[in-house]
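For reference, the structure discussed in these notes is given below.
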There are 2 protein chains.
Amino acid sequence: MKAPASAPTTGSTAPPQEPRWLTDEEQRVWRWFMEGATLLDDHLDRQLQRDAGMPHVYYGLLVKLAEAPRRRLRMTELAMLAKITRSRLSHAIARLEKNGWVRREDCPDDKRGQFAVLTDEGLKVLRQTAPGHVEAVRQAVFDRLSQEQQKSLGEIMRIIAEGLQPAEAGADLPWLR
Amino acid sequence: MKAPASAPTTGSTAPPQEPRWLTDEEQRVWRWFMEGATLLDDHLDRQLQRDAGMPHVYYGLLVKLAEAPRRRLRMTELAMLAKITRSRLSHAIARLEKNGWVRREDCPDDKRGQFAVLTDEGLKVLRQTAPGHVEAVRQAVFDRLSQEQQKSLGEIMRIIAEGLQPAEAGADLPWLR
DNA sequence: GGCCCCTCCTTGAACTTTAAACAAATGGCC
DNA sequence: GGCCATTTGTTTAAAGTTCAAGGAGGGGCC
């Protein structure tokens, strides 16, 4: 797919606007982004699968639970924090429960509700594997970037993340699907 | 998981070094990165699944093929360009072949080899769906970032991407697995 | 109360990805 | 030529994710 560097706008009222193609420079940025993100994802998934026996997303769930009061969170709340769908979370928690790292608990206030609770076992696994994971993240990311770049990266990704979860009702957010 | 802001180094020769935890600031950067990447991935996957009937990765494969001479690439070459494993690629191409968007061809020079070839059908789908996809990428990323930020992002992700695919032999690269 | 719509979470099937094993062909080496 | 390690790509099964559907409870409204 050749992406023309730029293109004239169409004359007047036609809905099929001329696409706003990416410039060569934008194209390069986008490709580095996708490559970096893909490789990083693969790298961390592999590291955690090897050392902790779970994918990166599952590890992230344990982290969120560990940080929460009483090491527990409502399912929807956890899905929101992890930016995933409730369905995906249900399956994930089922697996983690089978491992004995998480347990479910009924919510007293709302009979529809469920808490996911990090078990002592789960906390132990997290403690054991956290150092290796942090090290992997450091080596892949922070050790390679200047202070400036780290700050930029945070700011940029914050903008993207916030752009994708608008406050408006009706937004297509994973945890509301 | 609480991540201490910093920690003293261990005395001398003990292998289990004190983990180099992330500082609060690094922690924030890392979380925005993961959130942004997760949401973006979800967003684009969904957009393409809806409008093109395939996941983002598959779309990327068609793009690579469209850019290649004679619209064809060797399997391993394509896996390398897409930063994925050959196994994953095999499955993906099988699916795209079933759709009639890609066809396989034997390599004359190397009887083990296979070409993945973009069909006219595949090219058509790409042409039809590219505008919508570019627009989605723009809205989510480029429209929200300054020129400066775009440049930074490219540079940063290039560093990360290159760091994860060292030239050395024995590197754990997806397409060599 | 009864009704209706919405939220919370789960389920099963279809699809995608990973992991491990494999067949076939290549290429270096003797 | 013959041998052996490596490369190429596929295959199978298991694991993970998405999609569509659904059960059950909450909460407003009459």
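Labels below follow one simple rule: chain letters A, B, ... track the order of the sequence lines, proteins then strands, and each chain is numbered from 1.
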Inset, instruction - Evaluate the side-chain proximity of B:Glu18 to B:Trp21: yes if any heavy-atom separation is below 4.5 Å, no if none is. - result: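 Counting from C-beta outward, B:Trp21 and B:Glu18 do come under 4.5 Å.
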
Whole-Å distance separating the [atom1] atom of [X] from the [atom2] atom of [N]:
{"X": "B:Leu44", "N": "D:dT18", "atom1": "CG", "atom2": "P", "value": "14 Å"}
{"X": "B:Asp45", "N": "D:dT18", "atom1": "CG", "atom2": "C1'", "value": "10 Å"}
{"X": "A:Phe115", "N": "C:dC8", "atom1": "CZ", "atom2": "P", "value": "13 Å"}
{"X": "B:His56", "N": "D:dT17", "atom1": "NE2", "atom2": "P", "value": "19 Å"}
{"X": "B:Arg50", "N": "D:dC19", "atom1": "CZ", "atom2": "C1'", "value": "15 Å"}
{"X": "B:Leu176", "N": "C:dA19", "atom1": "CG", "atom2": "P", "value": "15 Å"}
{"X": "A:Leu61", "N": "D:dG16", "atom1": "CG", "atom2": "C1'", "value": "13 Å"}
{"X": "B:Tyr59", "N": "C:dT16", "atom1": "OH", "atom2": "P", "value": "17 Å"}

Can you see which heavy atom on [X] is nearest to which on [Y], and at what distance?
{"X": "B:Gln150", "Y": "B:Leu145", "value": "NE2-O, 3.2 Å"}
{"X": "A:Ala140", "Y": "A:His43", "value": "CB-CD2, 4.4 Å"}
{"X": "A:Met54", "Y": "A:Leu62", "value": "CE-CD1, 3.5 Å"}

Inset, instruction - Would you mind reading off the bend of the helix from C:dG1-D:dC30 to C:dC30-D:dG1 from its two end axes, five pairs each, to 10 degrees? - result: 10°

Carboxylate-amine/guanidinium proximity below 4.0 Å for [X] and [Y]:
{"X": "A:Arg31", "Y": "A:Glu25", "result": "no"}
{"X": "B:Asp120", "Y": "B:Arg71", "result": "yes"}
{"X": "A:Asp41", "Y": "A:Arg46", "result": "no"}
{"X": "B:Lys111", "Y": "B:Asp106", "result": "no"}
{"X": "A:Arg20", "Y": "B:Glu135", "result": "yes"}

Legend entry - Strand contacts (DNA chain D) in residues 74-92 of chain A, 4.0 angstrom heavy-atom criterion: A:Ser87, A:Arg88, A:His91

Legend entry - 5' precedence on DNA chain C between A:Arg46 and B:Arg95 (nearest-nucleotide basis):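 Result of the comparison: B:Arg95.
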
Inset, instruction - Is it possible for you to say whether A:Leu78 and A:Val117 belong to one hydrophobic cluster, with membership spreading through side-chain heavy-atom contacts below 4.5 Å? - result: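 In one cluster with A:Leu78: A:Val117, no.
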
Inset, instruction - Answer yes if A:Met80 and A:Phe115 sit in the same cluster of Ile, Leu, Val, Met, Phe, Trp and Tyr residues linked by side chain heavy atoms under 4.5 Å apart, and no otherwise. - result: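 In one cluster with A:Met80: A:Phe115, no.
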
Legend entry - Short side-chain N/O contact to D:dG9 OP1/OP2 from B:Arg104, under 4.0 Å: no

Inset, instruction - Determine: side-chain N/O of B:Gln114 to OP1/OP2 of D:dT8, distance under 4.0 Å, yes or no. - result: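 False: B:Gln114 side-chain N/O out of range (4.0 Å or more) of D:dT8 OP1/OP2.
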
Legend entry - Residue met sooner reading DNA chain D from 5', once B:Gln49 and A:Gln49 are mapped to nucleotides: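 In this pair, the answer is A:Gln49.
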
Legend entry - Protein proximity profile, nucleotides 21-29 of chain D - base contact B, sugar-phosphate-only contact S, no contact -, cut-off 4.0 Å on heavy atoms: ---BBS---

Inset, instruction - Evaluate side chain to side chain contact (heavy atoms under 4.5 Å, CB included) for B:Ile156 paired with A:Val141, printing each intermediate quantity in order. - result: CA-CA 9 Å; B:Ile156 290 166; A:Val141 179; over 6 Å; no

